[in-house]
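Okay, so here's the structure we're looking at.
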Amino acid sequence: MCLPYFYDNVEGIYKEGLNSRRIESIIANSYSSLDIKDRQEVIEDIILLLGENKEYSDYHYIGFQNGVLFLDLMELKPFSPDIIITSKLTVNYVPHLFDNNYVVDNYFSKICNGDQGIIDLMYRTIGVSCCATNKFHKTFVFYGQRW
């Protein structure tokens with residue numbers, strides 16, 4: 001059994017809790033007078049004190065070093081226990097960095113024959129790659145003629 005995630009105020013993300021065996025080991029080493037039943041009771045009390053599990057924030061959030069990007073509005077929000085993410089990229093988010101990125105836009109337009117639907121799909125592919133989850137269970141294969 002694994003304990004719920006806990007919010008790390010320094011990192012701004014949720015981290016995996018200790019599993020019950022590790023906690024039991026710590027309790028056994030620190031409080032050798034407790035028997036197995038007492039140790040199990042302590043673990044159950046800890047789980048109750050932590051409260052109910054929360055759901056992941058939907059996959060419209062990407063963690064960066066300087067905050068959490070809400071993809072629907074392309075708005076950077078401060079880290080908060082209300083936004084449940086378990087990882088973040090090791091770079092800062094810079095607003096409007098790619099608003100006028102001629103090189104990337106031109107490249108995508110060229111390889112997608114100007115088809116805006118495919119260009120949007122390319123950007124979504126990159127976005128999915130930034131999510132630290134395998135929820136989507138997708139593989140991206142690019143096939144075509146060399147120009």
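Computed from a predicted model, the values in this text were never measured in an experiment. All values below come from the heavy atoms of this structure, side chains included, with hydrogens, waters and symmetry mates left out.
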Answer yes or no: is there a side-chain heavy-atom contact under 4.5 Å between L69 and F64?
yes

Student check: side-chain heavy atoms of T86 and I13 closer than 4.5 Å
no

Between atom CD1 of I27 and atom OG of S32, what is the distance when rounded to the nearest 0.5 Å?
12.5 Å

Please say whether more than 12 non-hydrogen atoms of neighbouring residues, nucleotides or ligands are located less than 6.0 Å from CD1 in I36.
no

Taking all non-hydrogen atoms of both residues into account, name the closest pair between I118 and C112 and its distance.
CG2-SG, 3.3 Å

Do Q116 and I119 have side chains that approach each other closer than 4.5 Å (heavy atoms only, starting at C-beta)?
yes

Would you please say whether a donor-acceptor pair under 3.5 Å links the side chains of Y61 and D72?
no

If I take atom OH from residue Y93 and atom CD1 from residue I62, how far apart are they, to the nearest 0.5 angstrom?
9.5 Å

Check side-chain contact (heavy atoms from CB on, under 4.5 Å) between D38 and all other residues, then give those that pass, not counting sequence neighbours.
L34, D35

Closest heavy-atom pair, F79 versus V68, reported as atoms and distance to 0.1 Å, is CD2-CG2, 3.5 Å

V103 and D105, any side-chain heavy atoms less than 4.5 Å apart:
no

Going hydrophobic residue to hydrophobic residue with side-chain gaps under 4.5 angstrom, can you get from Y102 over to V94?
no

Test side chain to side chain donor-acceptor pair (under 3.5 Å) applied to E75 - qualifying residues, sequence neighbours left out:
K77

In Å and rounded to the nearest 0.5 Å, what is the CD1 to OG distance from I111 to S109?
9.5 Å

Got T90 and Q65 here, is their nearest side-chain heavy-atom distance under 4.5 Å?
yes

Are any side-chain N or O atoms of K88 and backbone N or O atoms of G12, one a donor and one an acceptor, separated by less than 3.5 Å?
no

Heavy-atom check, side chain of M122 versus side chain of Y107, under 4.5 Å:
no

Determine whether L71 and L121 fall in the same hydrophobic cluster, where Ile, Leu, Val, Met, Phe, Trp and Tyr are linked whenever their side-chain heavy atoms lie under 4.5 Å apart.
no

Sequence neighbours excluded, every pair satisfying salt bridge (charged side-chain N to carboxylate O under 4.0 Å, His left out) that has a member inside residues 112-127
none

